[in-house]
Each structure stands twice: as structure tokens, then as C-alpha cells.
Amino acid sequence: SLGLVLGGTSGTGADAKVIGFGYNVGFQAAWQPMNTDRRFGWAVRWATMFGGLYTGSAAQIESTLRPVHLDFTAGLRFRPWASPATYLTLRGGAEMLRTNEPLPPAMHRSFVGGITEVGVEHCLGSFLLDVDLRYGLIASEPANIALLVGFAITGP
């Protein structure tokens, strides 16, 4: 599938004050080799998102912190009900994050860390609608959480 993704994001814990809250918008591509007659399957997904974060103390030069997220995840798809159109998803992977300004306390602009997502996917003919809750930069800084909605075109 190839599509668009957008949603809201915020820092978590001590990073909530540093990076603030805002939006992400971008593109995603996924490979999900699973027939509708199977209950379990797997998937890989790449997402590139651009954002704007407001009210963060790290935004010193501009009033808006501008992050770029590059996410690669792999995970499981599970259909717990009879409908072959709706799946639960669980993914994990890596995220590269770059901002337009250095973030304290390390005063770096580039970060790499783990990422996890849990979500729901619903097939609408040749379209795929997904809603994901994403937690990024596990065991690293800046920790962030996002609620993302994706809309994609799927292939055979």
C-alpha cells in the first residue's frame, strides 16, 4: 500500500515540556502479504513524516520546532473477528528523528531509537484506512507519542 499519514504528536515525560505538541503529516508505504482468509500475518512499513511542534522550550530561533521522522517498522497483523476487512496491528522498529534546532539536554538535532505502534486497519475495497498509536525513541530522547491516521491505496 502507498498513502498519506497525518496526526497529532506530543513529547512525553520530561520531553513534553522540551518539544511541546503539534502535528505530523507525511507518506507511508507498506507490504502486507496476507490473504483475507488468514487470521495472522505480518507486515513491514516505512513512513516519512514532517511536523510542527508548538509550546516547546527547545524552540529558540523559531516559534515552531520542525521535526522530520523516518520510521521503519515490522510487525504482526491479527484478525480476531469474522470480518475479513479489519485487523489489529502491532509493530516495532527504528526511528530516525531530526529537528531544526538542538534539543536539550544533549543539544543534538539528530536522534535514533526504537519505536512501537499498536493500531487498527480497515480495508475499504482497494483502499486501506489505519489508525495507529505510536511511541517513539524508546530508551532514548526525545520520547514522543502520536496518534496517526493513514489512508492508502492497496494493490493485489
Side-chain angles (χ1 to χ4, degrees), residues 1-13 15-16 19-56 62 64-100 103 109-156:
S1 64
L2 295 171
L4 301 173
V5 61
L6 60 101
T9 187
S10 176
T12 62
D15 295 319
I19 66 173
F21 68 92
Y23 68 91
N24 284 330
V25 62
F27 306 95
Q28 64 183 4
W31 183 44
Q32 304 170 146
M34 180 176 173
N35 294 333
T36 56
D37 60 340
R38 295 181 52 206
R39 287 198 172 293
F40 289 95
W42 59 276
V44 293
R45 180 162 63 181
W46 174 268
T48 301
M49 296 178 288
F50 304 90
L53 295 165
Y54 307 96
T55 72
E62 292 185 40
T64 305
L65 194 61
R66 303 264 179 220
V68 176
H69 301 264
L70 302 173
D71 301 343
F72 178 77
T73 57
L76 301 174
R77 299 175 82 214
F78 173 61
R79 182 173 46 92
W81 33 74
S83 169
T86 306
Y87 299 88
L88 297 177
T89 62
L90 177 63
R91 294 184 184 91
E95 175 181 34
M96 295 182 337
L97 171 70
R98 180 145 172 102
T99 61
N100 63 329
L103 301 180
R109 292 178 50 203
S110 299
F111 304 89
V112 176
I115 186 172
T116 187
E117 295 178 340
V118 61
V120 176
E121 293 180 346
H122 184 73
C123 298
L124 304 164
S126 61
F127 297 100
L128 180 68
L129 175 68
D130 61 82
V131 178
D132 293 308
L133 182 62
R134 176 174 93 27
Y135 182 78
L137 295 180
I138 298 169
S140 183
E141 292 180 349
N144 59 83
I145 192 165
L147 181 62
L148 302 170
V149 176
F151 188 72
I153 298 172
T154 62

To the nearest 0.5 angstrom, please state how far the CZ atom of Arg39 sits from the CZ atom of Arg79.
-> 5.0 Å
Distance (rounded to the nearest 0.5 Å) between Leu97 CG and Asn144 CG | 6.5 Å
When Met96, Gln28, Glu95 are each screened for side-chain contact (heavy atoms from CB on, under 4.5 Å) with Asp71, the one that passes is Glu95
Heavy-atom pair of closest approach, residues Ala43 and Arg77 | CB-CD, 4.0 Å
From OG1 (Thr86) to CG (Asp130), nearest 0.5 Å | 12.0 Å
Polar contact flag, side-chain donor to acceptor under 3.5 angstrom, Arg98-Ser110 = yes
State whether the side chain of Thr89 and the backbone N or O of Gly119 hold a donor-acceptor pair below 3.5 Å, judged by distance alone.
-> yes
Is any side-chain heavy atom of Leu88 closer than 4.5 Å to a side-chain heavy atom of Val120?
-> yes
Starting from the C-alpha separation in whole Å, work towards a yes-or-no answer on side chain to side chain contact (heavy atoms under 4.5 Å, CB included) for Ile115 and Arg91.
-> CA-CA 8 Å; Ile115 186 172; Arg91 294 184 184 91; over 6 Å; no
Check: Phe50 main-chain N/O paired with Arg66 side-chain donor or acceptor under 3.5 Å | no
Answer whether the closest heavy-atom distance between the side chains of Trp31 and Trp46 falls below 4.5 Å.
-> no
Heavy-atom pair of closest approach, residues Ser1 and Thr154 = CB-CG2, 3.8 Å
Should Glu141 and Asp15 count as side-chain neighbours, where that means a heavy-atom distance under 4.5 Å?
-> yes
Enclosure of Ile153 CD1 (heavy-atom neighbours >12, cutoff 6.0 Å) = no
Taking all heavy atoms of Gly52 and all of Thr64, pick out the closest pair and write down the distance.
-> CA-CG2, 3.8 Å
If we only count heavy atoms from C-beta on, is the Val149 to Leu129 side-chain gap below 4.5 Å?
-> yes
Pairwise distance CG(Leu148) to CZ(Arg134) - rounded to 0.5 angstrom | 5.5 Å
Smallest heavy-atom separation, Leu53 atom then Pro67 atom, equals CD1-CG, 3.8 Å
Tightest non-hydrogen contact, residues Thr55 and Gly20, listed as OG1-CA, 3.9 Å
Separation of Leu133 CG from Leu147 CG (nearest 0.5 Å) | 6.5 Å
Using the six-membered ring wherever Trp is involved, compare the ring planes of Phe151 and Phe127 and label them parallel, tilted or perpendicular (cut-offs 30° and 60°).
-> parallel
Rounded distance (nearest 0.5 Å) linking atom CH2 of Trp42 with atom CD of Gln32 = 10.0 Å
Go through the steps for Val5 and Arg45 under the test side chain to side chain contact (heavy atoms under 4.5 Å, CB included), then give the verdict.
-> CA-CA 12 Å; Val5 61; Arg45 180 162 63 181; over 6 Å; no
Indicate the atoms forming the closest heavy-atom contact of Gly51 with Asn24, along with that distance.
-> CA-OD1, 3.8 Å
Heavy-atom side-chain contact between Leu4 and Phe27 under 4.5 Å = yes
